[in-house]
> 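Handing you this structure, nothing more for now.
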Amino acid sequence: MKDQSHKRHIAKTLTWRIVGTLDTVILSWVISGSPSIGLKIGFAEVITKMILYYLHERTWFNINLSKDGRVLESRKRHIAKTFTWRFIGTLDTMLLAWWISGNPLIGLKIGFAEVFSKMILYYLHERFWYRFNYGLTNRKNN
């Protein structure tokens, strides 16, 4: 199962990055008032976020929250993954936005707005992927 899971994590990384980057570009553009800054922030985070997201997926794949030895696949797990990813993702975006815009306040505003939009989008992304067994050889749906 672990060998097949790499394909799944790469596919999830790519689909999430598309959704996340579009959200960041739009939020950055609206908050900074500059489409150029929005695009720069969005494209800068593509690489950092793909690396961070892949590492996050691999870490969560190896975390077992169940008492009986099976990997717990549930809404609770998806909510926990949502919060840990949002912390990492928001910190990355705030730092990139500050660096690119030169204004720490823009970084904080984008990060604050992103907390809400990205948590909703990420949870929906997790639920979407939970419906598919792509990259998994054995999984019992809970």
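Computed from a predicted model, the values in this text were never measured in an experiment. These values consider heavy atoms only, across backbone and side chains, with no hydrogens, waters or symmetry-generated copies.
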> Hey, what do you get for CH2 (Trp129) to OH (Tyr134), rounding to the nearest 0.5 Å?
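Result: 7.0 Å between the selected atoms.
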> Any chance you could measure Arg17, atom CZ, to Leu52, atom CG, to the nearest 0.5 Å?
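Those atoms lie 9.5 Å apart.
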> Is Trp85 reachable from Val19 through a run of I, L, V, M, F, W or Y residues, each pair having side-chain heavy atoms under 4.5 Å apart?
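Per the 4.5 Å side-chain linkage, Val19 and Trp85 are co-clustered.
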> Does Ser28 reach the main-chain N or O of Val25 with its side chain, forming a donor-acceptor pair under 3.5 Å?
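Not at all, since once roles are kept as given, no pair shorter than 3.5 Å links the two residues.
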> What is the distance from atom CE of Met94 to atom CG of Leu108, rounded to the nearest 0.5 Å?
6.0 Å
> My understanding is that only residues two or more places apart in sequence, or in another chain, count here; which of them pass side-chain hydrogen bond (donor to acceptor under 3.5 Å, both in side chains) with Thr84?
His56, Trp60
> Considering residues at least two apart in sequence or located in another chain, which fulfil the side-chain hydrogen bond (donor to acceptor under 3.5 Å, both in side chains) criterion with Lys40?
none
> Check step by step if side chain to side chain contact (heavy atoms under 4.5 Å, CB included) holds for Lys49 and Thr93.
CA-CA 9 Å; Lys49 290 286 195 317; Thr93 299; 2.7 Å; yes
> Honestly curious: do Val46 and Tyr54 fall in one hydrophobic cluster under the side-chain, below-4.5 Å linking rule?
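Yes, it is one cluster - the side chains of Val46 and Tyr54 are joined through contacts under 4.5 Å.
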> For the NE2 atom of His6 and the NE2 atom of His9, what is their distance to the nearest 0.5 Å?
8.0 Å
> Using a side-chain heavy atom cutoff under 4.5 Å and only I, L, V, M, F, W and Y, what cluster partners does Leu27 have?
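Via sub-4.5 Å side-chain contacts, Leu27 links to none.
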> So does Glu126 pair up with Arg77, basic N to acidic O under 4.0 Å?
no
> For the hydrophobic clusters of this structure (ILVMFWY residues joined by side-chain heavy atoms under 4.5 Å, transitively), does one cluster hold both Val115 and Phe83?
yes
> In sequence, state the C-alpha distance, the side-chain angles, and the governing distance for Asn103 and Trp98, and then conclude on side chain to side chain contact (heavy atoms under 4.5 Å, CB included).
CA-CA 5 Å; Asn103 184 338; Trp98 177 2; 5.8 Å; no
> Verify whether one side chain among Glu57 and Thr13 offers a donor that lies under 3.5 Å from an acceptor in the other.
no
> Counting distance only, does the side-chain N/O of Thr21 pair as donor-acceptor with the main-chain N or O of Ile18 below 3.5 Å?
no
> Please name all residues satisfying ring-ring contact (aromatic ring centres under 6.0 Å, His included) with Phe43, sequence neighbours left out, ordered by chain then number.
none
> Could you tell me the separation between the NE2 atom of His125 and the OG1 atom of Thr82, rounded to the nearest 0.5 Å?
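OG1 of Thr82 is found 11.0 Å from NE2 of His125.
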> Could you tell me if the ring centre of His78 sits under 6.0 Å from that of Tyr130?
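Ring centres of Tyr130 and His78 closer than 6.0 Å.
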> Side-chain heavy atoms under 4.5 Å apart, restricted to Ile/Leu/Val/Met/Phe/Trp/Tyr: what other residues fall into the cluster of Ile37, or is it alone?
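ILVMFWY cluster around Ile37 also holds Ile31, Ile41, Leu96, Trp99, Ile100, Ile106, Ile110.
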> With rounding to the nearest 0.5 Å, note down the distance linking NZ in Lys81 to OH in Tyr122.
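Nearest 0.5 Å value for the NZ-OH distance: 4.5 Å.
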> Tell me, which pairs form a salt bridge (charged side-chain N to carboxylate O under 4.0 Å, His left out) where one or both residues lie in residues 114-124, sequence neighbours left out?
Asp23-Lys118, Arg86-Glu114, Glu114-Lys118
> List the atom of Ser32, the atom of Gly38, and the distance in Å for their closest heavy-atom pair.
OG-N, 4.4 Å
